[in-house]
Amino acid sequence: DVSKLNYPINISAGDSLNFESKFNFEPENEKKYNVYDIQKRISLIDSKGNNETKRILNLDYYPGDLFRTERGIIQYLKEIGVR
């Protein structure tokens, strides 16, 4: 839970920092058709005070569950305006 994190987060060489996310939508919620472009940057400051910004990959969200059935694909295309 991001609200429980204390910043800055201190990590040492060899430690890992994992990012996980899960989107939960009600079956009739139209937001399940959204594609989310998550900003994938993290700011780092080393022990000497040097600043750096790094990109984090693989955090985009696509409604993949909808693409498992033909009905889901058709519904998705309708939601994004394809006729």
Side-chain angles (χ1 to χ4, degrees):
D1 185 353
V2 73
S3 66
K4 295 179 182 176
L5 293 176
N6 294 314
Y7 294 98
I9 299 172
N10 296 312
I11 60 173
S12 300
D15 289 349
S16 60
L17 188 60
N18 296 313
F19 296 89
E20 293 184 22
S21 172
K22 184 174 183 179
F23 286 81
N24 292 316
F25 299 112
E26 297 296 323
E28 299 304 318
N29 187 336
E30 63 187 35
K31 289 183 181 180
K32 70 182 177 181
Y33 299 108
N34 291 353
V35 173
Y36 293 88
D37 178 23
I38 300 168
Q39 296 301 306
K40 304 170 282 280
R41 290 182 295 277
I42 185 168
S43 297
L44 306 169
I45 302 173
D46 68 16
S47 59
K48 296 178 183 175
N50 299 315
N51 293 327
E52 188 173 352
T53 300
K54 291 279 193 181
R55 289 182 63 223
I56 302 170
L57 305 176
N58 301 322
L59 288 181
D60 294 326
Y61 170 80
Y62 298 93
D65 290 344
L66 298 174
F67 299 147
R68 291 191 182 134
T69 65
E70 183 177 327
R71 183 174 181 268
I73 293 168
I74 292 168
Q75 191 63 32
Y76 172 74
L77 293 172
K78 283 182 184 177
E79 286 293 325
I80 63 171
V82 176
R83 302 269 178 231

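As a basis for the values below, the full set of heavy atoms in this structure was taken, side chains included, without hydrogen atoms, waters or symmetry mates. Because the structure is predicted, anything quoted here is derived from the model rather than measured.
The main-chain N or O of G72 is found under 3.5 Å from a side-chain atom of T69 such that the two form a donor-acceptor pair.
Residues forming a side chain to side chain contact (heavy atoms under 4.5 Å, CB included) with I9 (at least two apart in sequence, or on another chain): L5, Y7, I11. For L44, the side chain to side chain contact (heavy atoms under 4.5 Å, CB included) criterion is met by I42, K54, not counting sequence neighbours.
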